[in-house]
Chemist: 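Dumping the structure here so I can ask a few things about it.
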Amino acid sequence: MKALIAGAGRLGTQIAQVLAAAQNDVTLVDHDEDRIAELESRLAVRLIAGDACEPEFLEHAGALTTDVVVATTGSDEDNLVISLIAKRRFAVPRVAARVNDTENTWLFDHRWGVDVPVPAATPLISLIEEATGATDTVALLRLSKAGVNVIETAITAQSRAAGQALADIVLPAGTVITTVIRDGQPTVPTSEMRLQPGDELLLVSHTATEQEVHAAFQ
C-alpha cells in the first residue's frame with residue numbers, strides 16, 4: 001500500500017512509523033522544512049517539505065499513484081483543502097482527515113472529499129484501521145500480509161522498566177523496539193537510552209502477544 005501523510009506532527013509521524021514498519025510505501029510531508037530535516041535521521045520513510053494544500057506539491061509527493069491520503073495537520077481548514085484536492089484532483093481511493101475542532105465535524109464528508117473523518121481523540125489503532133480500510137488490521141496494525149504485530153506500550157512511574165536502559169530489558173523473541181516517543185517526539189532507540197515515565201514505545205514482533213510485550217515493561 002502507498003500512503004501519503006500530510007502533517008509531520010506527533011500523530012502524522014506515529015502513523016508513518018507504524019505503516020512503514022508494516023512494509024508499506026510511506027511518504028510524509030510537512031510545510032516546516034526544519035521539522036522535515038529533524039525527522040530525516042529518525043524515520044525510514046520518504047520525507048518532503050512543502051505545502052500540501054498546493055495541488056502541484058501533492059502531485060510531486062505522489063498523490064497520483066497513492067492508495068490513501070491522511071491529512072493530520074493541526075488545522076481543520078488545511079485538512080479539508082488537502083482532502084478535497086486529493087479526492088477531486090487526483091482521485092485518491094481513500095482519504096482520511098483529522099478533525100481538530102468537534103464543531104467542524106459536519107464539514108468532514110464526501111463534499112470535501114473526506115471518506116473517513118477522524119476525531120482528534122481517536123486512538124491511533126482505530127485511526128489507522130479506518131484510514132487504510134484494511135479489514136485485516138486489528139490491534140495496532142496486525143497485518144496478516146506482513147506477518148507482524150505493531151504494539152504500543154506506555155511507561156508510567158509505576159512501570160518496572162522506568163529508569164532502565166533498553167539494553168537491560170528482556171524482550172520476547174522476535175521483537176524489536178522501533179520508536180520511543182518522548183515529549184511528543186519520535187526518537188530512534190539506542191541500547192543506552194533509559195526509559196522515563198511518559199515515554200511511549202512502538203514495538204514490532206512476529207510472535208509476541210500484546211500481553212507478553214507489556215509484561216516486559218510493566
Side-chain angles (χ1 to χ4, degrees), residues 1-32 34-49 52 61-62 66-74 94 96-98 116 118 120 122-134 136-155 166 169 171-172 174-191 193 195-196 198-206 208 210 213-214 216-217:
M1 181 184 70
K2 294 187 66 174
L4 173 57
I5 303 166
R10 178 180 178 181
L11 180 61
T13 54
Q14 283 183 319
I15 296 172
Q17 184 72 31
V18 172
L19 290 178
Q23 301 177 359
N24 294 288
D25 183 347
V26 181
T27 299
L28 177 62
V29 304
D30 196 276
H31 70 277
D32 188 337
D34 292 336
R35 176 61 173 164
I36 291 297
E38 176 190 354
L39 292 173
E40 285 181 347
S41 62
R42 300 181 181 181
L43 295 180
V45 303
R46 185 185 182 205
L47 293 159
I48 308 176
T66 198
D67 299 304
V68 58
V69 165
V70 185
T72 66
T73 79
R94 195 165 183 84
R98 181 183 187 182
V116 183
V118 184
T122 300
L124 180 63
I125 301 170
S126 299
L127 188 155
I128 295 174
E129 289 179 344
E130 293 183 22
T132 60
D136 59 352
T137 303
V138 293
L140 199 54
L141 268 193
R142 287 193 187 117
L143 295 183
S144 59
K145 291 181 180 179
V148 298
N149 297 339
V150 181
I151 302 170
E152 182 180 30
T153 190
I155 304 300
L166 291 180
I169 297 173
L171 297 173
T175 303
V176 296
I177 302 172
T178 61
T179 306
V180 175
I181 301 168
R182 178 171 293 172
D183 298 327
Q185 301 296 323
T187 60
V188 177
T190 64
S191 58
M193 177 181 288
L195 294 175
Q196 302 175 5
D199 286 349
E200 298 176 52
L201 288 76
L202 293 179
L203 303 95
V204 174
S205 179
H206 286 283
E210 185 175 348
V213 168
H214 285 191
F217 295 90

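Quick note: numbers below take in every heavy atom, side chains included, and nothing from hydrogens, waters or symmetry partners.
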Chemist: Quick check for you: to the nearest 0.5 Å, what is the distance between F217 atom CZ and L171 atom CG?
Modeler: 5.0 Å
Chemist: Which distance, rounded to the nearest 0.5 Å, do you find between the OG1 of T153 and the NE2 of H214?
Modeler: 3.5 Å
Chemist: Any chance you could measure L19, atom CG, to I5, atom CD1, to the nearest 0.5 Å?
Modeler: 5.5 Å
Chemist: So, using side-chain contact (heavy atoms from CB on, under 4.5 Å) as the criterion, who are the partners of A49 when residues are at least two apart?
Modeler: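 For A49 the side-chain contact (heavy atoms from CB on, under 4.5 Å) partners, ignoring immediate neighbours, are E33, I36.
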Chemist: Testing the basics here: between L28 and G7, what is the closest heavy-atom pair and its distance to 0.1 Å?
Modeler: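 So the two residues come closest at CD1-O, 3.5 Å.
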Chemist: Which pair of heavy atoms, one from A52 and one from V29, lies closest together, and at what distance?
Modeler: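 Of all heavy-atom pairs spanning A52 and V29, the closest is CB-CG2, 4.1 Å.
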Chemist: Checking D25 now: which residues fulfil side-chain contact (heavy atoms from CB on, under 4.5 Å) with it, not counting sequence neighbours?
Modeler: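 Expected list: K2.
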Chemist: Can you name the residues that form a side-chain contact (heavy atoms from CB on, under 4.5 Å) with A97, not counting sequence neighbours?
Modeler: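 A97 satisfies side-chain contact (heavy atoms from CB on, under 4.5 Å) with A71, N79, S83, F108, V114 once adjacent residues are dropped.
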Chemist: Partners of R182 by salt bridge (Lys or Arg N to Asp or Glu O under 4.0 Å), sequence neighbours excluded?
Modeler: D199
Chemist: Report the distance from atom CD1 of I155 to atom CG of L195, rounding to the nearest 0.5 Å.
Modeler: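 These two atoms lie 5.0 Å from each other.
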Chemist: Taking all non-hydrogen atoms of both residues into account, name the closest pair between V68 and M1 and its distance.
Modeler: CG1-SD, 4.0 Å
Chemist: Under the 3.5 angstrom rule, does the side chain of S191 hit a backbone N or O of L166 as a donor-acceptor pair?
Modeler: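 No: the side chain of S191 does not pair with the backbone of L166.
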Chemist: Judged by atom type as modelled, is there a donor-acceptor pair below 3.5 Å linking the side chain of D30 to the main-chain atoms of D32?
Modeler: yes
Chemist: Who are the side chain to side chain donor-acceptor pair (under 3.5 Å) partners of T27, not counting sequence neighbours?
Modeler: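 Per chain and number, T27 pairs via side chain to side chain donor-acceptor pair (under 3.5 Å) with no residue.
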Chemist: Please name the pair of heavy atoms, one in A20 and one in V45, separated by the smallest distance, quoted to 0.1 Å.
Modeler: CB-CG1, 3.6 Å
Chemist: Could you pull out all residues at least two apart from T179 that satisfy side chain to side chain donor-acceptor pair (under 3.5 Å)?
Modeler: Q17
Chemist: Which value, rounded to the nearest 0.5 Å, describes the distance between T187 atom OG1 and L43 atom CG?
Modeler: 10.5 Å
Chemist: Taking only residues two or more places apart in sequence, or in another chain, which ones meet V176 in a side-chain contact (heavy atoms from CB on, under 4.5 Å)?
Modeler: T178, V204
Chemist: Report the residues that fulfil side chain to side chain donor-acceptor pair (under 3.5 Å) with T13, sequence neighbours left out, ordered by chain and then residue number.
Modeler: none
Chemist: Show the nearest heavy-atom pair for residues L4 and A61, with the distance to one decimal.
Modeler: CD1-CB, 4.0 Å
